[in-house]
Protein chains: 2
Amino acid sequence: MKKCRLDVSLYLVTDQKGLSEPLDRIVEEAICGGVSLVQIREKESDSRTFYYHVLALKKVTDAYQIPLIINDRLDIMLAAGADGVHLGQSDIPVGEARRLLGDEKIIGASAHSVSEALQAEREGADYIGAGAIFQTNTKKDTSVMTAETLSAICAAVSIPVVAIGGITAGNINQIKNTGISGAAISSAILHSQNPKLTAEQLRREIHIAR
Amino acid sequence: MKKCRLDVSLYLVTDQKGLSEPLDRIVEEAICGGVSLVQIREKESDSRTFYYHVLALKKVTDAYQIPLIINDRLDIMLAAGADGVHLGQSDIPVGEARRLLGDEKIIGASAHSVSEALQAEREGADYIGAGAIFQTNTKKDTSVMTAETLSAICAAVSIPVVAIGGITAGNINQIKNTGISGAAISSAILHSQNPKLTAEQLRREIHIAR
């Protein structure tokens with residue numbers, strides 16, 4: 001998939017904890033509702049389990065030609081033939097990942113400030129994940145980013161910025177006019193009674209918020 | 001470093017827990033005492049910390065032209081430019097790693113049985129780590145391998161077999177004549193009062209045991 005077609009508008013971040021149905025089914029419903037990109041986050045399993053988990057979800061994302069991004073583990077991304085890697089501030093440096101991967105793979109980078117976002121862009125990131133925008137149960141040790149910082153990041157970099165952290169259809173309104181290209185969603189979709197409907201609703205809200 | 005020169009005879013596996021002096025100094029002393037290969041094992045740190053840890057130890061191993069192997073994390077091995085990766089049964093499959101790495105990098109594989117060892121060899125492993133030979137505090141959830149199984153593994157594969165798990169200069173005698181090419185040591189060197197002397201002693205014992 002060519003990166004010029006990268007659509008980060010409705011970005012689903014997976015988390016297997018506490019799901020009421022199989023993740024691949026939820027992801028498929030969410031894609032049918034408008035999710036444009038999927039990131040697999042899996043901090044607690046061993047490498048082989050993670051690898052097979054990626055292969056299983058890749059069948060779903062490939063069927064709909066949705067890019068699949070792997071959190072942190074560049075090796076598992078390569079082994080599974082996924083589309084890219086998302087790197088936090090405690091993962092491999094973006095510049096090293098870009099050097100290893102060349103230009104074909106997508107590299108996303110988490111940033112909590114303008115300087116982190118600028119550095120990630122300079123090192124070769126394709127998009128910025130900025131947050132946490134709201135309090136979240138998915139990542140507990142994060143501090144909340146103001147709408148002003150989010151706007152400043154969007155103004156500072158020329159790559160797409162995706163807002164992340166506790167975003168729902170009910171609060172996304174608070175970050176409109178910040179310049180974001182999309183929103184990353186986890187719990188609001190994964191724990192929805194109807195992931196497809198929730199994704200559709202979020203997609204509408206994001207198109208208004210951008 | 002060409003793999004045909006791979007010397008697994010005295011294989012040091014690092015573990016940062018409870019060390020009384022900096023790991024890079026211990027590793028340097030151990031290399032001066034005869035360690036022929038170093039594997040960095042780091043299960044608890046984040047990816048970036050692990051990456052910088054590898055870069056720091058690589059300065060030592062490069063200075064002595066000793067191969068540096070990374071446990072599990074093929075991505076960190078690539079990013080740091082280390083010499084190879086060691087894969088356990090819960091890491092990325094050996095065949096996938098070989099496909100990604102080509103023939104230049106060293107791939108080691110843990111095996112607990114003849115069938116696991118044969119599969120690893122078939123998938124492209126350069127050596128087998130077989131164990132645990134003795135009870136160990138480094139990895140608590142492992143069962144002990146008999147000298148008979150170790151001998152059977154050595155007889156079954158044509159790649160070098162390194163015995164691992166609780167090996168000291170005092171017990172290595174129990175695995176002589178099994179056909180091993182070397183012994184992997186962790187605590188016995190890392191927690192020695194004199195790592196260089198301990199490595200020298202182990203190297204002598206291993207040359208007798210082989």
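Because only heavy atoms are used, hydrogens play no part in the values below, and waters and symmetry mates are left out as well, while side chains stay in. Every chain is numbered from 1 and lettered A, B, ... according to where its sequence line falls, protein lines coming before strand lines.
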*Asks:* Look up atom CD1 in A:I92 and atom CD1 in B:I76, then write down how far apart they are to the nearest 0.5 Å.
*Replies:* 5.0 Å

*Asks:* So, using side chain to side chain donor-acceptor pair (under 3.5 Å) as the criterion, who are the partners of B:R99 when residues are at least two apart?
*Replies:* B:E96

*Asks:* For A:R48 and B:D91, indicate whether the former's side chain and the latter's backbone hold a donor-acceptor pair under 3.5 Å.
*Replies:*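 Yes, A:R48 side chain to B:D91 backbone: donor-acceptor pair under 3.5 Å.
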
*Asks:* How many angstroms lie between CG in A:D75 and CG in B:L101, if you round to the nearest 0.5 Å?
*Replies:* 9.5 Å

*Asks:* When only pairs under 4.5 Å are counted, which of B:T49, B:L87, B:L100, B:V85 shares the most heavy-atom pairs with chain A?
*Replies:* B:L100

*Asks:* Taking salt bridge (charged side-chain N to carboxylate O under 4.0 Å, His left out) as the test, write out the residues that go with B:D62, two or more places apart.
*Replies:* B:K58

*Asks:* Between B:P93 and A:Y52, is any pair of side-chain heavy atoms under 4.5 Å apart?
*Replies:*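 Yes, at least one pair of side-chain atoms sits under 4.5 Å.
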
*Asks:* Could you tell me the separation between the CG atom of A:L74 and the CZ atom of B:R73, rounded to the nearest 0.5 Å?
*Replies:*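 That separation rounds to 9.0 Å.
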
